[in-house]
Amino acid sequence: MDRFLAYVDLLGTTYTASTLATGYGAYLAQPLLRTAVEGREDTLTEEEARKIIEDCMRVLFYRDARSLDKVCFFLSSWGFVLSSLVLGV
């Protein structure tokens with residue numbers, strides 16, 4: 001099964017890449033994602049991916065004065081895993 005990740009905006013513009021972020025994350029998190037992920041898509045583990053997302057969310061939290069310090073992660077691949085993280089600690 002091939003992986004496919006793409007983004008379509010309200011005007012129909014499409015963009016495909018190995019990492020995507022929208023909104024404020026496109027400015028701050030996307031460069032971090034590109035540095036950490038591109039070229040390693042096939043070898044990245046779940047733990048490494050979670051750490052990368054945690055780092056991105058922490059940067060976004062500290063840069064946006066109106067955001068909450070709590071993040072929930074949900075993973076579903078035949079099973080369900082739900083976990084939380086408090087960023088301000």
Would you say [X] and [Y] make side-chain contact, with heavy atoms under 4.5 Å?
X: L5; Y: T16; value: no
X: Y7; Y: T14; value: no
X: L32; Y: D55; value: no

- Message: Once rounded to the nearest 0.5 Å, what's the spacing between atom CG of L33 and atom SG of C56?
- Response: 4.0 Å

- Query: CE/M57 to SG/C72 distance, rounded to the nearest 0.5 angstrom?
  - Reply: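 Atom-to-atom, M57:CE and C72:SG are 10.0 Å apart.
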
- Item | With K70 via side-chain contact (heavy atoms from CB on, under 4.5 Å) - residues at least two apart | V86

- Item | With sequence neighbours excluded, residues passing side-chain contact (heavy atoms from CB on, under 4.5 Å) with T13 |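 Testing T13 for side-chain contact (heavy atoms from CB on, under 4.5 Å), a comparison that skips the adjacent residues, returns D9, L11.
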
- Task: Could I get the full list of salt bridge (charged side-chain N to carboxylate O under 4.0 Å, His left out) partners for R63, not counting sequence neighbours?
- Result: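 Scan of R63 (salt bridge (charged side-chain N to carboxylate O under 4.0 Å, His left out), adjacent residues dropped) gives none.
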
- Task: Apply salt bridge (charged side-chain N to carboxylate O under 4.0 Å, His left out) to E48 and list each qualifying residue two or more places apart in sequence or on a separate chain.
- Result: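 So E48 forms a salt bridge (charged side-chain N to carboxylate O under 4.0 Å, His left out) with R40.
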
- Task: Could you walk me through whether R50 and E46 pass salt bridge (Lys or Arg N to Asp or Glu O under 4.0 Å), step by step?
- Result: CA-CA 6 Å; R50 182 184 169 111; E46 183 181 327; over 6 Å; no

- Between F61 and L87 the two heavy atoms that sit nearest each other are CB-CD1, 3.7 Å

Less than 3.5 Å apart, which donor and acceptor atoms pair up between the side chains of residues 20-31 and the rest of the protein, not counting sequence neighbours?
residue	atom	partner	partner atom	Å
Q30	OE1	A21	N	3.1
Q30	NE2	T19	O	3.1
Q30	NE2	T19	OG1	2.7

- Query: Who passes side chain to side chain donor-acceptor pair (under 3.5 Å) against S18, sequence neighbours left out?
  - Reply: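 S18 satisfies side chain to side chain donor-acceptor pair (under 3.5 Å) with E41 once adjacent residues are dropped.
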
